[in-house]
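Structure first, commentary second.
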Amino acid sequence: MPTFLPLRTFGRTSLRVTPLCVGCAPLGNMPETFAYDVAENEALATLRAGFQSPINFLDTAASYGDGESERRIGLVLRELGGLPVGFVLASKADRDLKTGDFSGDQIKRSVERSLHLLGMTKLQIMYLHDPEHAKFEDILAKGGAVDALMKFKEQGVIGHVGVAGGPIELMIRYVETGMFEAVITHNRYTLLNRSANPLLDMAAKLGIAVLNAAPYGSGILAKGPDAYPRYAYQAADSLTLERVRAMDAVCKRHKVPLAAAALQFSMIDPRITSTIVGVSKAERLAQTVELAHAPIPAELWAELDAVGYAIDDPEANRWTRP
Ligand SMILES: NC(=O)c1ccc[n+]([C@@H]2O[C@H](COP(=O)([O-])OP(=O)(O)OC[C@H]3O[C@@H](n4cnc5c(N)ncnc54)[C@H](OP(=O)(O)O)[C@@H]3O)[C@@H](O)[C@H]2O)c1
């Protein structure tokens with residue numbers, strides 16, 4: 001089984017990352033998001049397996065389990081004596097989850113808590129996380145959230161500042177400012193939903209790093225529509241379920257696991273620097289690398305396209321424009 005994952009340059013930075021990234025959201029134990037619990041020992045075993053895998057890139061956020069994902073990563077980093085050489089760890093600065101405060105002061109507190117939980121004095125990458133929960137103008141105001149992140153960058157505490165979030169039009173507005181070195185989109189460039197296309201085009205043209213998160217649409221394309229009938233952290237609608245079943249049938253005819261097609265759909269796109277896959281079990285690391293290498297006949301892609309996919313926002317009913 002091949003395990004080699006060639007490194008790619010992270011946008012215009014000197015960081016080199018694998019085309020796969022370990023997504024640590026499920027490790028924060030977020031039953032309200034994923035509909036299942038993840039015990040600490042399971043999370044720590046997953047992280048240990050991650051640091052022994054060919055994947056050199058991890059993604060977390062202050063808000064994942066309100067610090068729990070970072071706390072668990074910090075426990076393993078302490079066992080290892082710090083972030084092993086050659087690994088890249090990214091986190092995200094968040095609003096206060098209880099009050100919604102997304103001010104510059106809050107972002108400063110968020111970054112400081114991340115450093116404390118992770119047991120690190122510097123972070124290679126920090127994203128502005130889910131800015132759809134505040135007004136664009138407030139986030140970019142003097143003394144606001146972005147200003148706070150840029151101050152950390154000036155001080156050398158943060159290496160690179162990116163932006164990560166949902167609504168595509170809004171993400172394009174952030175990327176257009178030219179202030180960010182990377183962008184994360186999620187659940188919007190999968191076999192089932194391709195609404196991120198314009199963002200991917202623009203970010204790739206600008207030469208910033210592009211991270212595609214949730215290639216399984218939060219799980220359905222890996223676990224199947226019966227075991228996990230959810231897309232983007234909510235119950236999947238009947239059309240989505242129908243399409244997953246049809247895609248699964250197409251894949252079965254070609255003897256390709258649906259998860260392999262879902263993963264490689266993202267990995268083969270030249271606009272995407274790395275694909276962030278959420279995992280909460282140690283065996284997922286080897287499974288993910290294997291799925292990334294599964295042979296896929298070229299004609300499968302057109303057959304999957306023919307099943308159909310959405311181009312509207314999969315979370316349109318989940319947030320209100322502030
Ligand atoms: N706003 C943002 O910046 C943002 C938003 C969303 C996601 N992200 C990042 O992207 C990552 C990925 O997103 P996600 O975790 O929401 O969704 P995802 O990667 O589409 O799916 C994760 C789910 O797939 C399951 N899975 C993974 N590999 C599997 C395999 N080989 N077999 C069976 N099931 C498998 C995992 O199950 P198990 O738990 O059982 O392993 C988990 O439930 C997140 O963890 C996070 O780091 C960022």
Side-chain angles (χ1 to χ4, degrees), residues 20-31 33-39 42-43 45-47 49-50 53 55 57-65 69-70 73 89-95 125-133 162-168 170-171 174 180 182-193 196 210-224 227-234 236 244 257-263 265-267 272 274-292 294 314-315 318-319:
L20 287 171
C21 174
V22 181
C24 299
L27 300 184
N29 188 31
M30 300 165 71
T33 300
F34 290 100
Y36 56 91
D37 284 296
V38 176
E42 219 171 10
T46 307
L47 287 163
S53 79
I55 303 173
F57 191 16
L58 285 92
D59 178 86
T60 186
S63 63
Y64 296 163
S69 173
E70 291 181 325
I73 294 170
L89 173 62
S91 191
K92 313 188 191 82
D94 274 283
R95 67 195 187 281
I125 305 163
M126 181 66 80
Y127 300 92
L128 169 74
H129 196 198
D130 291 349
E132 58 264 35
H133 294 281
V163 60
I168 295 303
L170 181 66
M171 296 310 290
Y174 276 104
F180 301 95
V183 61
I184 298 183
T185 182
H186 67 92
N187 289 288
R188 289 162 176 80
Y189 194 68
T190 70
L191 290 177
L192 293 164
N193 187 300
V210 180
L211 297 312
N212 188 33
Y216 303 135
S218 82
I220 191 168
L221 288 164
K223 298 184 182 192
Y228 200 74
R230 290 164 66 79
Y231 190 90
Y233 322 113
Q234 59 205 313
V244 181
L258 176 61
L263 186 60
F265 170 75
S266 173
M267 291 182 74
I272 295 168
S274 190
T275 299
I276 314 178
V277 183
V279 290
S280 73
K281 294 176 182 61
E283 63 268 27
R284 295 283 186 247
L285 280 302
Q287 287 169 356
T288 305
V289 174
E290 197 173 330
L291 292 168
E315 295 185 298
R318 289 188 74 216
W319 67 282

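This structure is a prediction, so every number in the text was calculated from the model and none was measured. Whatever order the structure lists them in is the order used to number ligands and atoms, beginning at 1. Sequential numbering from 1 along the given sequence is applied to the chain's residues.
- Counting only distance, with no hydrogens or angles, the side chain of E290 and the backbone of A260 share no donor-acceptor pair below 3.5 Å.
- Minimum heavy-atom separation, Y228 to S218: CE2-O, 3.3 Å.
- At the top of the distance list for atom 31 (N) of ligand 1, counting protein heavy atoms only, stands Q287 OE1, 3.1 Å.
- The shortest non-hydrogen separation linking G217 to T190 is N-CG2, 4.3 Å.
- Among all protein heavy atoms, the one lying closest to atom 21 (O) of ligand 1 is S218 C, 3.3 Å.
- The shortest N or O to N or O distance between A25 and ligand 1 is below 3.5 Å.
- Nearest approach of I184 to A213, heavy atoms of both residues: CG2-CB, 3.9 Å.
- Proximity of Y233 to ligand 1 is established by a heavy-atom distance of less than 4.0 Å.
- Here the closest heavy-atom approach between residue N193 and residue N187 is recorded as CB-O, 3.7 Å.
- Considering only non-hydrogen protein atoms, atom 2 (C) of ligand 1 sits nearest to H129 NE2, 3.5 Å.
- Using a 4.0 Å cut-off between heavy atoms, Y228 makes no contact with ligand 1 at all.
- Atoms of ligand 1 lying under 4.0 Å from any heavy atom of V277, numbered from 1 in the order shown and given with element: 12 (C), 19 (O).
- A25 and Y64 get closest at one heavy-atom pair: CA-CD1, 3.4 Å.
- The six-membered or imidazole ring of F265 lies near that of Y189, with a centre-to-centre distance under 6.0 Å.
- Nearest protein neighbour of atom 18 (P) of ligand 1, counting heavy atoms only, is A214 CA, 3.5 Å.
- Compare R284, K92, E42, E290 by their heavy atoms: the one nearest to atom 33 (C) of ligand 1 is in R284.
- Among protein heavy atoms, atom 8 (N) of ligand 1 sits closest to Y64 OH, 3.4 Å.
- In this structure, the separation between CG on L192 and CG on L221 is 4.5 Å, given to the nearest 0.5 Å.
- For the pair D130 and ligand 1, the shortest N or O to N or O distance falls below 3.5 Å.
- Distance alone, capped at 3.5 Å, is enough to place a donor-acceptor pair between the E132 side chain and the G166 backbone.
- Every N/O-N/O distance between N187 and ligand 1 stays at or above 3.5 Å.
- Those atoms of ligand 1 that come under 4.0 Å of a heavy atom in A164, given as number and element, are 3 (O).
- In this structure, D130 CG and L170 CG are separated by 10.0 Å, a value rounded to the nearest 0.5 Å.
- Checking E283, K281, R230 against atom 40 (O) of ligand 1, the nearest heavy atom belongs to K281.
- The two residues S63 and D94 have their closest heavy-atom pair at N-OD2, 3.0 Å.
- Side-chain N or O atoms of R188 include one that pairs as donor or acceptor with a backbone N or O of H186 at under 3.5 Å.
- Numbered from 1 in the order shown, with element, the atoms of ligand 1 that lie under 4.0 Å from a heavy atom of G217 read 20 (O).
- In this structure, L27 CG and F34 CZ are separated by 9.0 Å, a value rounded to the nearest 0.5 Å.
- In terms of N/O distances under 3.5 Å, ligand 1 is approached by Y216.
- Residue A213 has no N or O atom closer than 3.5 Å to an N or O atom of ligand 1.
- Nearest non-hydrogen protein atom to atom 36 (C) of ligand 1 is G278 O, 3.3 Å.
- Within the structure, ligand 1 has L291 among the residues with a heavy atom less than 4.0 angstrom away.
- Residue S69 holds its OG atom at 8.5 Å from NZ of K92, rounded to the nearest 0.5 Å.
- Using 4.0 Å as the threshold, Y36 has a heavy atom nearer than that to some atom of ligand 1.
- Contact analysis leaves A259 out of contact with ligand 1, as no non-hydrogen atom separation drops below 4.0 angstrom.
- Interface of A222 with ligand 1, defined as ligand atoms under 4.0 Å from a residue heavy atom, comprises 26 (N), 29 (C), 33 (C), 34 (N), 35 (C).
- At the shortest separation from atom 25 (C) of ligand 1 among protein heavy atoms lies K223 CE, 3.7 Å.
- Rounded to the nearest 0.5 angstrom, N212 CG and M267 CE are separated by 11.5 Å.
- If you look at I184 next to ligand 1, the close heavy atoms, those under 4.0 Å, all belong to the side chain.
- Listed by number with element, the atoms of ligand 1 under 4.0 angstrom from any heavy atom of V279 are 41 (O).
- Heavy-atom contacts of P26 reach the following atoms of ligand 1: 15 (O), 45 (O) (cutoff under 4.0 Å).
- Nearest protein heavy-atom neighbour of atom 11 (C) of ligand 1: I276 CG2, 3.5 Å.
- With R284 contributing its side chain and G278 its backbone, the two residues share no donor-acceptor pair below 3.5 Å.
- In this structure, CG in D59 is found 12.0 Å from OG1 in T275, a value given to the nearest 0.5 Å.
- Atoms of ligand 1 lying under 4.0 Å from at least one heavy atom of C24, given by number and element, are 45 (O), 47 (O).
- Within the set D59, T288, L263, the minimum heavy-atom distance to atom 9 (C) of ligand 1 is found for D59.
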